[in-house]
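Accompanying notes for the structure given below.
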4 protein chains.
Amino acid sequence: MSWQETTAPVGADGDEPASAQPHADLIKADILEVATAVFAEKGLNGARIDEIAELMRTSKRMIYYHFGSKDGLYRAVLAHCYGRIRTIESTLDLGARSPLDALAHLVRFTFDYQLANADFIRLVMVENIHRAEHIAQMPELHDLNLRVIESLRSLCARGAADGTMRPDMDPMDLHMSISALCFFNVSNQHTFSAIFDLDMVSAAATAARRASITDLILRSVQPR
Amino acid sequence: MSWQETTAPVGADGDEPASAQPHADLIKADILEVATAVFAEKGLNGARIDEIAELMRTSKRMIYYHFGSKDGLYRAVLAHCYGRIRTIESTLDLGARSPLDALAHLVRFTFDYQLANADFIRLVMVENIHRAEHIAQMPELHDLNLRVIESLRSLCARGAADGTMRPDMDPMDLHMSISALCFFNVSNQHTFSAIFDLDMVSAAATAARRASITDLILRSVQPR
Amino acid sequence: MSWQETTAPVGADGDEPASAQPHADLIKADILEVATAVFAEKGLNGARIDEIAELMRTSKRMIYYHFGSKDGLYRAVLAHCYGRIRTIESTLDLGARSPLDALAHLVRFTFDYQLANADFIRLVMVENIHRAEHIAQMPELHDLNLRVIESLRSLCARGAADGTMRPDMDPMDLHMSISALCFFNVSNQHTFSAIFDLDMVSAAATAARRASITDLILRSVQPR
Amino acid sequence: MSWQETTAPVGADGDEPASAQPHADLIKADILEVATAVFAEKGLNGARIDEIAELMRTSKRMIYYHFGSKDGLYRAVLAHCYGRIRTIESTLDLGARSPLDALAHLVRFTFDYQLANADFIRLVMVENIHRAEHIAQMPELHDLNLRVIESLRSLCARGAADGTMRPDMDPMDLHMSISALCFFNVSNQHTFSAIFDLDMVSAAATAARRASITDLILRSVQPR
DNA sequence: GATGAATGAGCTTTCATTCAT
DNA sequence: TATGAATGAAAGCTCATTCAT
């Protein structure tokens, strides 16, 4: 934990002010990209620092110079991925649509984003296998994810106000349902496909499931 | 794959006829129990053969004698866990209840079972990280899981017939929704708890989520 | 500190009952012997596990199997060396001689033993550079070294009683003086030789110094 | 030995004429001060160039610029420390006192100086672990330390002449005894304290030991 | 002079697996 | 059957040193 006895920077844990060394930042970004793929593919234990280094121009030593340890690199990868989804999520302008429309939009966006970013999904799975012990030490992620809850809260309020939604919706519960349905579609596709001899990733299957989930969520929020 | 250079049994891939050595079977069962816990706790790469051996009276040599390799042991663990859920699931007598009642019963059972068997959930996560490459080589699991689909199909048919359910339900899609909602509750509890500073395992939270999921599913199958 | 997650024995920290595996004990003894020489020669940081392994038939891996870590091996070496001097020291029968005679005998023995066991002296130097942090965790050494103090105490009492020694001698202080004079002769021979262009290890120089130290100590305990 | 591939000074091996760059000298002095502490604390192998650089404003590059290598820095540290004790020792005006008084004064000074300069003592220990191979290559230290022998020789001569000291004293032998007793008090305090559960550095213990050593030496030089 | 980035060689340690008894 | 001992390959990590600016 206290390996910071070297001269090295080993930052990248939080948001640093725009660094003065653009080259180093590029290399760090490259390492992060490759590491994301490898950690997502093999997990934390299965990933090899050697493999990550071999996949780029940088030597293994540089990974330790910039990230301090395998765990440090893994944490940086987590922070980067969580940060990216936040940035993108904030571009959704849910307030501009009617409550039900906005909700459908959010569900479809979540579905599409998670399907397109299987690496992120897999990293979250890996982190759950490790009982979230790394994320628990990254407090910068806390408020980051409260934003979506706030969005849902105001959405529910608007829906309750105009009568298009039930008045007793719990935004966190709703978020959980959306997340569960979209997440599972990616996270468990391999065992599902293997056991049911099914193709969950075909365009047709994907479109059908997307519609089904959207319908499921919309039904759940509407008054009877 | 051709590690069978020992003189020993190394079966356990399928269902052998009741072994003539009850002692050996007990040992295998013990190993399996411990290995399940360790693989679920640490994943395939994180699990250590040494640790598994240490947690029992049996030596490491016995693991190799009975299961051939770490992967062989892991496959046996998977087979054992999937087999157990099949056995239990078949005790549900869904046909004795009205369609909606049966469905609610199935959802609650699934929720409770997965919550109570986090080890199994974690193993499925681990297997998905490994892209289900081990399960894909275990054909005995194929038909095993088709049973629940058949149950759902007849349940949907009964519901459609008596008008309590929409006539266009896809049993596989329904199964996916139920699984997703119940699975996620266990699989992602650590990241969710860490990020939202939330207690997902308290009795209150669990009961609420259980009711919410049941309601969600029931609404989704009923005609408007 | 808690690396004991392997199957391995990793004992040798204390006095185990005579082990049932004579072969393994022989190998451990061999490792200990080689490691003693290397740690004494290069210090804890300068010693290389690779070098120790190469100096014998055993592989590097076996060192970890038997001793757990580099530090564990180092501690075992310390315990072994301290244990050996105890065993030998206890063979001195100081009670059978007159006080002054016994004291001279003890001084000459200490001088000879330390000169003949430069490895031990160097290990003590190494341990002092490390501020005795390893020895501090080896409580079994405590009472072990109190024996020589007890010997000196009774010797001083006898000498005070028969008038051959001053009545105000402090055994611990006396032990310190003897140790200092004998230890320094080995510990600092290299810098002394280099700076004064002197040969401290020739038979003549050694004999003279031995006599000088003995005289110094005897003078210090006698009444004026 | 032939690392002088830089374009830089890399002197510091001897006494250079007063440098024209006072700033550079200050930096060198700073480096030396920090390096002394680190080498004394961790030994040659345990010391890290990174750590030394971190403890100052100066970067690692400066260490190599001024001292060429880790070994070069270590040699400079040794030279600096030995040089300092020479300077101070020469301020003792032993000739102004009676022989026994002067000797007592020298003993007490040596005891106090070594106690107050544990860093120096530790460096000498480190150098002895390395068999004085670095000091052996620093000829400037040779005559430096002959001075104290000369002082002792004339002191002994004076004592022999006025009958207060034995006529057969060997100054080198006497120096060795004084050094041994004072050095050991610092060098072995950690193992001694650990093994005998003793506090060797308390003011009381220190004062007692100081008196005891002085008495020991004075007794040894006086005629019976 | 001064600094951050880079590096290669080598270090300690780990782990699935097999052997001897 | 059962166990302690053994192993090779490879993993994570470190460190003195140098380069580019």
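Predicted, not measured: the structure shown is a model, and the values here were computed from it. Within every chain, numbering begins at 1; the chains are lettered A, B, ... in the order of the sequence lines, protein sequences first and strands thereafter.
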Could you label the plane-to-plane angle of the C:Tyr74 and C:His130 rings as parallel, tilted or perpendicular, counting under 30° as parallel and over 60° as perpendicular? tilted
Hey, does the side-chain of B:Lys60 have a donor or acceptor N/O within less than 3.5 Å of a partner on the base of E:dT17? yes
Calculate the interatomic distance between A:Leu26 atom CG and E:dG4 atom P; express it in whole Å. 19 Å
What's B:Ala47 touching, base or sugar-phosphate or nothing? Going by heavy atoms closer than 4.0 Å. sugar-phosphate
Does a side-chain N or O of B:Arg61 approach OP1 or OP2 of E:dT18 to a distance below 4.0 Å, or not? no
For A:Asp50, which contact category applies under a 4.0 Å heavy-atom criterion: base, sugar-phosphate, or nothing? sugar-phosphate
Mapping B:Asn45 and A:Thr58 to their closest nucleotides on DNA chain E, which lands nearer the 5' end? A:Thr58
Carboxylate-amine/guanidinium proximity below 4.0 Å for C:Lys42 and C:Glu51: yes
Under a 3.5 Å limit for both distances, which nucleotide forms a Watson-Crick or G-U wobble pair with F:dA5, could you say? E:dT18
Are A:Glu127 and A:His134 linked by a side-chain donor-acceptor pair shorter than 3.5 Å? yes
To the nearest Å, give me how far apart CD1 (B:Ile63) and C1' (F:dG4) are. 15 Å
Rounded to whole angstroms, how far apart are CD1 on C:Ile27 and P on F:dA5? 10 Å
Measure from CZ on D:Phe67 to C1' on F:dA16 and round the result to the nearest Å. 16 Å
Closest-nucleotide 5' rank along DNA chain F - winner of D:Lys70 and A:Leu44: A:Leu44
Pairing check on E:dG10: which nucleotide meets the Watson-Crick or G-U wobble criteria with it, both distances under 3.5 Å? F:dC13
Is B:Lys60 close enough and on-axis enough to B:Tyr65, meaning under 6.0 Å and within 45°, for cation-pi? no
OP1 or OP2 of F:dT7 less than 4.0 angstrom from a side-chain nitrogen or oxygen of C:Tyr65, does that happen here? no
When the distance from CG of B:Asp30 to P of F:dA2 is rounded to whole Å, what number comes out? 11 Å
How close or far is atom P of F:dA10 from atom CD1 of A:Ile52, stated in whole angstroms? 18 Å
Name the residue closer to the 5' end of DNA chain E, choosing between D:Met62 and C:Ile49 according to the nucleotide with the nearest heavy atom. D:Met62
Rounded to the nearest angstrom, tell me the gap between atom CZ in D:Arg48 and atom C1' in F:dT17. 14 Å
Protein-nucleotide distance (B:Tyr64, atom OH; F:dG4, atom C1'), rounded to Å: 15 Å
Salt-bridge test for A:Arg48 and A:Glu54: reply yes if a basic N is under 4.0 Å from a carboxylate O, no otherwise. no
Less than 4.0 angstrom between a side-chain N/O of A:His66 and OP1 or OP2 of E:dG4, yes or no? no
Between F:dT7 and C:Ser59, is there an OP1 or OP2 to side-chain N/O distance shorter than 4.0 Å? yes
